[in-house]
**Student:** 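Attaching a single structure in structure tokens format; questions to follow.
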Amino acid sequence: MSTPEELELRLVMEAEERTYMELKGRLRELVDTFGAARVLWGTDFPFVMLEEDNAYVKSVQRVRGWVLTEEEVAQVMSKTAESLLGKWG
């Protein structure tokens with residue numbers, strides 16, 4: 001039998017997985033419709049770096065494993081933002 005905390009954690013993880021699965025198809029649709037140069041991926045960086053399980057790294061890894069080409073991933077994950085905001089760092 002699960003504790004209330006374990007049950008809550010499982011529900012949160014299941015909801016997160018459903019959210020990512022919904023985004024996966026929508027991201028492909030956005031890139032197909034508007035082109036990768038008009039799509040960018042955003043997170044709560046740098047705040048997600050403070051989380052114990054490092055949600056930022058997980059987010060990047062998930063998107064890299066989706067149905068986009070390597071060039072599309074590079075565009076969506078960095079080049080679009082750089083074209084709008086300039087290079088960071």
**Student:** Kindly write out the residues that satisfy salt bridge (Lys or Arg N to Asp or Glu O under 4.0 Å) with Glu70, not counting sequence neighbours, or none if the list is empty.
**Tutor:**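 Once residues adjacent in sequence are excluded, Glu70 has no partner under the salt bridge (Lys or Arg N to Asp or Glu O under 4.0 Å) criterion.
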**Student:** Rounded to the nearest 0.5 Å, how far apart are CZ of Arg38 and OG of Ser83?
**Tutor:**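 One finds 11.0 Å between CZ of Arg38 and OG of Ser83.
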**Student:** Is Phe34 linked to Leu23 within one hydrophobic cluster, defined over Ile, Leu, Val, Met, Phe, Trp and Tyr using a side-chain heavy-atom separation of less than 4.5 Å?
**Tutor:** yes
**Student:** Applying side-chain contact (heavy atoms from CB on, under 4.5 Å), name anything that partners Val39, two or more places apart in sequence or on another chain.
**Tutor:**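 Testing Val39 for side-chain contact (heavy atoms from CB on, under 4.5 Å), a comparison that skips the adjacent residues, returns Leu27, Leu30, Val31, Val76.
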**Student:** Begin from the C-alpha positions of Leu68 and Arg28 and carry the test side-chain contact (heavy atoms from CB on, under 4.5 Å) through to its verdict.
**Tutor:** CA-CA 7 Å; Leu68 302 179; Arg28 176 76 264 167; 3.6 Å; yes
**Student:** Just jot down the side-chain contact (heavy atoms from CB on, under 4.5 Å) partners of Thr69, sequence neighbours excluded, or say none.
**Tutor:**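 For Thr69 the side-chain contact (heavy atoms from CB on, under 4.5 Å) partners, ignoring immediate neighbours, are Glu71, Glu72.
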